Amino acid sequence: MNDATEVSSSSGAKLHWRDGACHCENVSFSVALTLRLTIVTCTCGICHKAGHQELMLPEERFRLHKGQAFLKPYRFGDRIADHTFCVVCGIMPFYRPKSHPVGYFSVNARCLDLSFAESIEWSEFDGKNWQASMDAGMHQQTD
């Protein structure tokens, strides 16, 4: 897909569709991103152990092209977050996060070619202390 659209982000920046996939490419998707990215690394157990680097996007900026049959859900704790893994390669390309369980996807930046980005800012979210971090307003969606 990899093209600019007429759609703009909440800041007014032009969005560009970029293709992504799990390792085996049985799951493929596209996301609409600005050229300036903020990637969040989370210290919670699953994100840290899986290496998930988050781009939080509204649902309308995410398109699953193929692979629904290869996605396996994994829920734990309060079972709000809907983590999805490819059953073939084990990669978590995206999931529905606990912080935004409706209308958003947390896309794994590691499943995208980020060479198009003009800048990448890194931010850490203290997922080990999830509720305190949320109460402090530390988790924001990607623009």
Side-chain angles (χ1 to χ4, degrees), residues 1-2 5 7-143:
M1 192 165 242
N2 292 338
T5 69
V7 179
S8 296
S9 71
S10 59
S11 68
K14 185 177 271 187
L15 296 173
H16 302 264
W17 285 97
R18 298 294 172 191
D19 297 329
C22 64
H23 185 260
C24 69
E25 297 187 0
N26 280 311
V27 177
S28 67
F29 59 92
S30 294
V31 292
L33 301 169
T34 66
L35 297 178
R36 298 179 185 273
L37 304 176
T38 299
I39 298 174
V40 177
T41 57
C42 177
T43 63
C44 80
I46 193 163
C47 288
H48 176 75
K49 289 181 180 184
H52 188 80
Q53 295 179 345
E54 176 174 274
L55 289 164
M56 179 74 74
L57 300 173
E59 193 169 302
E60 62 269 12
R61 291 172 49 188
F62 176 88
R63 296 180 183 156
L64 179 62
H65 297 299
K66 69 173 187 169
Q68 184 66 46
F70 292 98
L71 292 171
K72 181 78 173 170
Y74 174 64
R75 293 184 177 190
F76 59 92
D78 57 18
R79 304 181 62 78
I80 295 172
D82 188 8
H83 299 275
T84 50
F85 294 86
C86 173
V87 297
V88 176
C89 66
I91 299 297
M92 180 171 60
F94 58 87
Y95 75 100
R96 297 261 188 194
K98 179 178 178 176
S99 62
H100 299 83
V102 177
Y104 287 87
F105 283 100
S106 172
V107 175
N108 190 348
R110 292 178 185 254
C111 293
L112 300 163
D113 174 2
L114 300 180
S115 63
F116 72 91
E118 290 177 355
S119 68
I120 298 176
E121 179 182 326
W122 294 89
S123 176
E124 184 174 284
F125 178 74
D126 183 6
K128 288 180 182 176
N129 299 294
W130 191 88
Q131 192 58 58
S133 297
M134 290 300 292
D135 292 346
M138 292 178 63
H139 197 273
Q140 307 295 322
Q141 78 180 53
T142 301
D143 184 36

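It should be emphasised that the depicted structure is a prediction, and the values quoted were computed from it without experimental measurement. Numbering of residues begins at 1 and proceeds along the displayed sequence.
Residues Leu64 and Phe94 form a side-chain contact, since some pair of their non-hydrogen atoms from C-beta on lies under 4.5 Å apart. Counting heavy atoms from C-beta outward, Phe116 and Leu33 have side chains that approach closer than 4.5 Å. Two residues are said to be in side-chain contact when any heavy atoms from C-beta on lie closer than 4.5 Å; Val31 and Leu55 fail this criterion. When side chains are defined from C-beta on, Thr84 does not count as touching Val27, because their heavy atoms never get closer than 4.5 Å.
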Show your reasoning for whether side-chain contact (heavy atoms from CB on, under 4.5 Å) applies to Thr43 and His48. CA-CA 5 Å; Thr43 63; His48 176 75; 5.6 Å; no
Given the rule in the side-chain contact (heavy atoms from CB on, under 4.5 Å) test, do Met92 and Tyr74 qualify, once you have shown the distances and angles that lead to the verdict? CA-CA 10 Å; Met92 180 171 60; Tyr74 174 64; over 6 Å; no
Show your reasoning for whether side-chain contact (heavy atoms from CB on, under 4.5 Å) applies to Ser106 and His52. CA-CA 9 Å; Ser106 172; His52 188 80; 2.8 Å; yes
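Here CG of Asp113 is found 10.0 Å from CG of Asp19. Values are rounded to the nearest 0.5 Å. Atom-to-atom distance recorded for Leu15:CG and Glu60:CD is 9.5 Å, nearest 0.5 angstrom. Remark: Leu71 CG to Ile91 CD1 distance equals 12.5 Å, nearest 0.5 Å. To the nearest 0.5 Å, atom CZ of residue Arg75 and atom CG of residue Asp82 are 4.0 Å apart. Annotation: the span from Cys42 atom SG to Gln53 atom CD amounts to 12.0 Å, rounded to 0.5 Å. Of the inter-residue distances, the one linking Phe70 atom CZ with Cys22 atom SG reads 8.5 Å to the nearest 0.5 angstrom.
Taking the six-membered ring for Trp and thresholds of 30 and 60 degrees, Tyr95 and His83 have nearly parallel ring planes, at less than 30 degrees apart. Ring geometry for Phe29 versus Phe62: interplanar angle under 30°, hence parallel rather than tilted (30 to 60°).
Checking side-chain atoms of Arg63 against main-chain N and O of Ser30 turns up no donor-acceptor pair under 3.5 Å. Counting only distance, with no hydrogens or angles, the side chain of Lys66 and the backbone of Glu25 share a donor-acceptor pair below 3.5 Å.
Of all heavy-atom pairs between His16 and Lys14, the closest is CD2-O, 3.6 Å. Taking all atoms of both residues into account, the shortest heavy-atom contact from Gly51 to Asn108 is O-OD1, 4.2 Å. Residues Leu57 and Ala32 share a closest heavy-atom pair of CD2-O, 4.1 Å. Of all non-hydrogen atoms in Met56 and Pro97, the two that sit nearest each other are CE-CG, 3.5 Å. Annotation for Cys86 and Cys89: closest pair SG-N, 3.6 Å, computed over non-hydrogen atoms.
Remark: Arg96 is not positioned above the aromatic ring of Tyr104, lacking an NZ or CZ atom under 6.0 angstrom from the ring centre and at most 45 degrees off the axis.
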